[in-house]
Each structure stands twice: as structure tokens, then as C-alpha cells.
2 protein chains.
Amino acid sequence: MVEKKTIKLDDVAKLAGVSKTTVSRVLNNRGYLSDKTIKKVHDAMDELNYRPNVIARQLFKQKTNLVALVFPTVDNPFFAELEAELEKRFDQLGYRVLMGNSQNNPAKEQDYLKLLLNHQVDGLIVGSHNQGISEYQKTTRPIVSIERFVGKQIPVVSSDNYQGGLLAVQRLLNDGCKHIIHTNYPINLVSPNELRQQAYEDLMNKHHRKPITYSVSFDVSDEEKERVFRKMFQEHPEVDGIFADNDTNASLIIRVGKEFNRHVPDDLKVVGYDGANITRTLSPELTTIQQPIPEMATKAVELLLQLINGKTDVKSVTLPVRMINSTTA
Amino acid sequence: MVEKKTIKLDDVAKLAGVSKTTVSRVLNNRGYLSDKTIKKVHDAMDELNYRPNVIARQLFKQKTNLVALVFPTVDNPFFAELEAELEKRFDQLGYRVLMGNSQNNPAKEQDYLKLLLNHQVDGLIVGSHNQGISEYQKTTRPIVSIERFVGKQIPVVSSDNYQGGLLAVQRLLNDGCKHIIHTNYPINLVSPNELRQQAYEDLMNKHHRKPITYSVSFDVSDEEKERVFRKMFQEHPEVDGIFADNDTNASLIIRVGKEFNRHVPDDLKVVGYDGANITRTLSPELTTIQQPIPEMATKAVELLLQLINGKTDVKSVTLPVRMINSTTA
DNA sequence: TAACTTGTGACTACCGGTTACCATAAAGGT
DNA sequence: ACCTTTATGGTAACCGGTAGTCACAAGTTA
């Protein structure tokens with residue numbers, strides 16, 4: 001096997017006819033350097049196709065310029081857009097991004113945290129839906145959470161879930177719905193998501209209607225989810241409006257509704273939640289509450305950088321949502 | 001500011017009352033060790049919440065257990081599923097995954113390659129749609145490509161694009177379409193995608209029909225794409241069947257068709273391409289050619305690992321596609 | 001002419017592990 | 001009683017850069 005030796009700083013120095021120190025100075029733009037020397041060094045680097053070993057530098061500097069994203073999965077319109085936006089911003093700031101798809105499995109999330117922390121990441125953005133992960137308490141590494149409460153000291157970026165809930169339910173009420181049902185994650189997952197349900201219940205109570213919520217786990221198959229929705233239509237044939245906790249579920253509900261001969265928006269009105277890119281493209285007919293994903297990404301990156309730079313009083317933020325009016329409600 | 005000192009191997013050794021060597025032996029499971037010592041060391045590590053500095057180990061071992069994924073963006077049903085599947089497999093094998101969203105911008109792709117290679121990744125999986133990136137020729141690092149020709153020495157995992165093209169067009173012909181149009185990326189992007197177009201043209205010619213292809217760039221906005229499709233309906237009002245190069249475009253075409261009063265599947269039949277998870281959930285009505293994304297991920301990971309382990313004759317593979325019959329054709 | 005500024009080299013400690021080598025010692029086998 | 005296996009310690013080189021210190025030379029300025 002042809003063993004191709006890695007080029008190191010020393011090799012560049014030799015070829016350029018300068019000292020190791022000088023090459024390092026060129027690389028880091030330190031000290032006094034003549035243009036001539038800089039050129040010589042660059043030429044040598046090009047000729048050898050030299051790539052500085054970032055690992056060695058990381059070890060010395062105690063900084064990796066690596067951040068990790070821990071979310072349930074990237075195979076979901078909301079997380080895909082969010083992670084893409086986060087990555088774009090981190091890239092501009094010189095950070096590389098490690099992916100951590102926890103599959104919404106607490107053990108996996110715990111493992112990921114350990115592994116990613118071992119990789120000496122400079123910070124983490126997390127948005128998994130698990131609880132009680134002790135790793136979060138043990139570390140002092142900078143962490144920002146998105147749409148999820150993780151711990152007292154960890155700032156959260158979320159959209160205005162309560163307002164989103166109000167907008168959605170009010171829209172259904174305005175459209176004349178009498179029997180509105182809400183779907184949401186199981187509530188034991190402490191997330192700002194809960195506030196959507198709170199808004200739903202508050203508004204329903206205000207209008208003297210009985211709030212009914214169906215729980216649907218995030219991490220089960222579409223078939224499983226459809227089963228829940230079928231049960232919903234069977235148990236509540238009177239339903240004429242649904243406030244779904246995300247657009248995927250809204251889409252599944254509309255499909256299941258058809259099985260029960262409910263046609264949107266005549267016999268049934270549906271409002272979704274998230275309003276991600278992909279959903280807007282593939283299901284433009286869906287009326288939904290749009291989370292400001294790009295802004296959330298911007299804010300999360302901003303907060304994480306503050307933490308990385310040693311700021312201590314980093315505060316959680318809530319960003320406004322907006323309604324996208326379309327034809328399903 | 002409270003400076004929290006990082007715990008190192010030496011600290012663990014001191015607390016456990018053993019030597020640095022022994023701790024390292026416990027960590028790496030090397031040499032002779034008594035159960036008693038192992039326990040002592042583990043206890044000390046737990047007490048101190050010690051995390052071995054992976055960077056230091058990487059530097060010595062010349063192995064990072066890091067791989068990078070370079071794709072246009074993760075905010076797309078096909079790439080989201082593909083990257084999720086890749087990440088899942090790499091995770092199981094002990095590799096962490098770096099995200100590189102090139103935005104389909106050659107300069108950005110080149111930058112990413114440099115950066116990721118600097119990070120000493122053990123390998124890369126690439127699927128961007130750019131050409132002529134010199135970085136690919138310069139490096140000897142293991143690379144596997146997905147659905148894209150990169151260079152002679154770089155193995156490609158692709159699905160059977162020619163067969164996919166045949167299936168799609170044959171379906172439209174069987175449904176009685178007389179005027180079938182194909183949409184695809186600009187052909188100067190050398191990708192196996194081309195074979196879909198080839199199949200389309202071969203089949204059209206065989207049936208003595210004139211093949212017509214509209215080019216749509218991957219990286220433009222939905223609005224831009226819709227403009228192209230509007231032009232298509234204007235220039236070819238006779239069109240009654242469309243073979244789209246991906247499901248997103250199929251979805252946009254159906255929407256634009258409505259503007260021209262073309263209703264699917266009565267006045268117009270559409271077959272898409274990709275059949276990713278998210279698309280199946282959000283647009284189940286779409287008839288499409290499904291790429292075997294999980295299998296492609298499995299194969300790509302397998303090939304990359306062979307390269308990482310020094311195998312030299314790693315061959316490209318093509319995997320079968322299947323048709324998903326639904327209501328748009 | 002003394003005092004800086006600029007430009008470069010040589011040397012070394014350091015980042016935090018890994019591992020080879022050698023030494024030592026107790027336990028077990030023959 | 002001798003040899004081997006098991007178990008542990010100490011030391012040092014090494015991975016590939018970074019950066020501080022000191023030295024020295026040439027050019028510039030007061």
C-alpha cells in the first residue's frame with residue numbers, strides 16, 4: 001500500500017527555507033513578517049498542499065470551533081429547516097456543526113451528550129424532548145435550548161406558543177367551529193409546547209366549551225399516529241375543528257378525516273403548527289401558525305456565542321409567531 | 001469569573017491512587033488489570049466527572065472518528081432523510097458526523113472541503129451538485145459520493161436512475177398520456193440524474209414522440225421554479241403528462257397546473273421522483289419513483305468504511321428503485 | 001551614535017493523552 | 001527453586017502545532 005505521509009509545518013518550513021516559527025507566524029498572522037517571506041511560505045504550502053492539523057491547534061488552544069446540535073431527528077420539516085439555518089449561521093462565524101439525532105430516546109440523548117462533550121465542542125444547541133438527563137446538570141459547557149426547558153441555568157429560545165395557541169383556536173372559533181379538538185405531545189414532556197394547550201384550554205373555557213386534547217408521541221410511526229386520529233374521529237364524530245400541534249399531524253388528520261368522509265374545509269377545519277419551508281411547499285393549502293425559524297436560529301446562535309464568550313446573565317427569549325391563512329381553515 | 005479547571009487523566013490517577021499508566025490502561029483496556037483497580041479508577045472518574053479529552057487522543061492516534069456530509073442543504077425531504085439515515089449508521093459505528101451544507105455554491109463547497117479536511121475527518125460523503133472542485137483531486141482522504149460523479153477514483157452510490165426514468169415514463173404512457181414533458185436539473189451538472197432524462201428520451205423516441213425537457217436549477221426559490229413551470233404550461237398547453245425530477249417540483253407543478261385549470265389526474269398526470277419520508281407523509285397523493293434511501297445510506301457507509309480501512313478496489317454501486325402508485329398518475 | 005522598529009531564527013515548554021520500555025513484585029505452575 | 005503469568009509504577013518520547021523568550025541583524029529615526 002502506498003503510504004502517503006502527511007505534510008507538516010516542518011516540511012513547509014524546510015521547503016520555504018525558513019524556520020518553523022516563521023511558518024507558524026504566517027499561519028497565525030503574528031509578529032513581524034515581510035511580504036516576501038509570506039509569499040514564500042504560501043507558495044510552499046500550496047506546493048505541498050499543506051493543511052494545518054486543526055487537532056493539534058485545538059489541543060493547544062483549548063478551543064475546537066465545534067458546536068453540536070442535539071435534536072430528535074433532522075428528517076422532519078421543522079428540525080430540517082432549523083438545523084439548516086443554525087448551520088448556516090455557525091458556518092459564517094467559523095464554527096463547524098456536529099449532528100446529534102437523539103431519535104427522542106433518552107438513553108441515546110445521554111450518550112450523545114457524553115460523546116459530543118468528549119469531543120470538546122465549544123457549545124451545544126439542544127431541542128430534544130427528553131427529560132431528566134443528568135448530563136445537563138453535570139456540565140458547565142455552554143448550552144442553549146430551543147423550544148424546551150432543560151434546566152434553570154440554560155437559556156431557552158422559543159416562539160410565542162401561547163399566542164400561537166390563541167391565534168389558532170380563535171381562527172377556528174371565528175370560522176364557526178363548535179367542537180374543537182387539540183392534539184399535542186404527551187404533557188409530561190416539559191416544553192413550551194404546553195402553552196399552546198394552555199391557550200387552547202383558556203380560550204375554550206372562556207367560550208364555555210369543553211377542551212379535549214389527544215396526545216400523540218413525536219417518535220412513533222405515521223401509522224401509529226393515524227390510529228390515534230381515527231380513534232379521535234370515532235369518539236368525537238361531532239368534531240368540526242382541529243388545532244394540531246404540528247403540520248405533519250395536521251396533514252395526517254386531514255387524510256384520516258377523508259376516511260370518515262370529512263372534507264376540509266367544509267365539514268372540518270384544521271389549523272396546523274410550524275409553517276416550515278418544506279411544509280409550505282408540499283402542503284400549501286394548510287392553514288398554520290408559523291414559527292419564526294430563521295429568527296429562532298439567529299437568536300440561539302447569538303445566545304450561545306454570548307455563553308461561549310463568558311457572558312453569564314444570558315436570558316431566554318420568546319419570538320412572535322404569525323398565522324398563515326390558507327384553505328384548510 | 002469562576003474558572004472551572006478541567007479534570008485530566010493525572011487527576012484521576014491521583015484520586016484513585018494509581019499511576020497515569022494504569023488509568024490509561026483502564027481507559028483503553030490494555031495490559032493486565034485487576035478488577036479492584038478497574039473499579040477504583042472508574043469510581044475516581046465518576047467522582048470527578050472525568051471526560052477523556054478526545055482531541056489529545058485524536059492527535060496521537062491520527063484518527064478522529066469524524067466524518068463529514070457535504071450536501072446542498074438538509075432542508076429538503078430527500079437530503080434530510082438521507083443525512084438522518086447516514087448519521088444513524090455512523091453513530092452506531094462510533095463516528096460523529098459533521099454537517100456541511102454547500103447551498104449548491106461551488107465556492108462554498110470548496111471552502112467546506114478545505115475546512116472539513118483540516119478538521120482531520122476520517123472520511124466524507126458528498127452529494128453536492130457542483131463540478132470542477134479541485135479539492136477532490138488534491139486529497140487522498142476517503143470519499144464516497146451519492147448520486148453524483150466526482151472523480152474517477154471516487155466510488156458513487158446511486159439508485160437506478162435509468163430504470164426510474166423508464167418506470168415513470170412508461171406509467172404515463174400506459175395512462176394514455178400523449179404529450180409528456182420532463183423536468184430536470186441543468187444537464188451540465190454531471191450526475192446520474194442525467195440517466196433519468198436519457199430513459200425519458202429513449203422511451204419517447206421509441207414511441208415516436210418528441211422529448212421536451214425543462215431545466216430547473218436546484219438552488220433557486222420556489223417562486224423562480226413556479227415561473228419556469230408557468231412558462232411550460234404556456235408554451236405547451238397540450239401537455240398531459242409530466243415526469244418531474246423530484247417530488248418538490250412535482251408538487252409545484254400540480255399547484256401551477258391548477259392556475260391553468262388543469263386538474264390532476266383528469267387533465268394532467270404527474271409522476272415525481274424521490275419518495276422520501278416527509279413527502280410521503282405530506283403529499284401521499286403523489287405518484288412517484290422511490291429511491292431506496294436507507295439502503296443507499298447503508299451502502300455509502302459500507303463503502304466509506306472500506307476506504308477508511310485501506311481497501312483500494314472499492315466499486316460504485318447502483319440500487320433498484322420502485323414505483324409508488326398513487327392518485328396523481 | 002544611540003535607540004527603536006522590523007524581520008527572522010533557535011529553543012523550549014505546553015496542550016492531554018498514548019504507548020513502548022524497563023523495573024518490580026506477588027502468585028501460580030512444574 | 002526456577003520460570004511464567006499477572007499486576008502495577010515510572011519515565012520518556014510522541015502526535016503537530018502554539019507561543020514565549022532570547023538573540024541577532026539590518027534599517028530607520030531622533
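FYI, side chains are in, hydrogens and waters are out, and symmetry mates aren't considered; it's all heavy atoms of this structure. Numbered from 1 within each chain, the chains take letters A, B, ... in sequence-line order.
- Residue A/Lys61 places no side-chain N or O under 4.0 Å from the OP1 or OP2 atom of D/dT18.
- Put simply, CD1 on A/Ile38 is 12 Å from C1' on C/dT6, counting in whole angstrom units.
- Of the charged side-chain nitrogens involved, none lies within less than 4.0 Å of a carboxylate oxygen, so that A/Glu83 and A/Lys88 do not count as a salt-bridged pair.
- Among the atoms of the strands shown, only primed sugar atoms or phosphate atoms (P, OP1, OP2) are found under 4.0 Å from some heavy atom of A/Asn28.
- For the OP1/OP2 pair of D/dG17 and a distance below 4.0 Å, the side-chain nitrogens and oxygens of A/Asn53 include no atom meeting the criterion.
- Distance CD (B/Gln58) to P (C/dG17): 12 Å, rounded to an integer number of Å.
- Listed nucleotides D/dG9, C/dG9, D/dC14 differ in distance to A/Val18; the shortest reach to its side chain belongs to C/dG9.
- Applying the 4.0 Å criterion to OP1 and OP2 of D/dG16, one finds that A/Thr6 has a side-chain N or O inside that range.
- One can place CG of A/Asp11 at 11 Å from C1' of D/dG16, the figure rounded to the nearest angstrom.
- For the OP1/OP2 pair of D/dG10 and a distance below 4.0 Å, the side-chain nitrogens and oxygens of B/Thr21 include no atom meeting the criterion.
- Backbone-only engagement by A/Gln62 is indicated by non-hydrogen atom pairs under 4.0 Å involving sugar-phosphate atoms exclusively.
- For the OP1/OP2 pair of D/dT6 and a distance below 4.0 Å, the side-chain nitrogens and oxygens of B/Tyr32 include at least one atom meeting the criterion.
- Listed nucleotides C/dG17, C/dC15, C/dG9 differ in distance to B/Ala56; the shortest reach to its side chain belongs to C/dG17.
- Of all nucleotides listed (C/dG17, D/dG17, C/dG9), C/dG17 comes nearest to the side chain of B/Leu9.
- Regarding A/Leu33, its CG atom lies at a distance of 14 Å from the C1' atom of C/dT5, rounded to whole Å.
- A close approach under 4.0 Å does not occur between any side-chain nitrogen or oxygen of B/Arg30 and OP1 or OP2 of C/dT18.
- Taking 4.5 Å as the limit, every side-chain heavy atom of B/Leu33 sits out of range of all side-chain heavy atoms of B/Val41.
- Residue B/Ser24 has no polar side-chain atom (N or O) positioned under 4.0 Å from OP1 or OP2 of C/dG17.
- For A/Thr22 and C/dG7, the shortest distance from a side-chain N or O to OP1 or OP2 is not below 4.0 Å.
- With rounding to the nearest 0.5 angstrom, the NZ atom of A/Lys14 is 10.5 Å from the CG atom of A/Leu48.
- Between the side chain of B/Arg51 and the base of C/dG16 there is no donor-acceptor pair of N/O atoms closer than 3.5 Å.
- We find that NZ of B/Lys36 is positioned 7 Å from P of D/dT8, with the value rounded to whole Å.
- Atom CG in B/Leu59 sits roughly 14 Å away from atom P in D/dC14 (whole-Å rounding).
- Each of A/Gln110, A/Gln153, A/Glu109, A/Arg141 was checked for a side-chain hydrogen bond (donor to acceptor under 3.5 Å, both in side chains) with A/Tyr136, and the lone residue meeting it is A/Glu109.
- A perpendicular orientation is assigned to the rings of A/Tyr95 and A/Phe90, their planes being inclined by more than 60° (bins at 30° and 60°).
- Using a 3.5 Å distance cut-off with no hydrogens or angles, the side chains of A/Ser19 and A/Thr22 do pair a donor with an acceptor.
- If you check C/dT8, D/dT8, D/dG17 against the side chain of A/Arg57, the one that comes closest is D/dG17.
- Atom NZ in A/Lys14 sits roughly 14 Å away from atom P in C/dG9 (whole-Å rounding).
- One interatomic measurement links the two molecules: CZ of B/Arg25 to C1' of D/dT6, which rounds to 11 Å at whole-angstrom precision.
- Among the protein residues, A/Val54 comes within range of no part of the nucleic acid, since none of its heavy atoms lies under 4.0 Å from any strand.
- Mapping B/Lys20 and B/Gly17 onto DNA chain D by nearest heavy atom places B/Gly17 closer to the 5' end of the strand.
- The shortest distance between the side-chain N/O atoms of B/Tyr50 and the OP1/OP2 oxygens of C/dG17 is below 4.0 Å.
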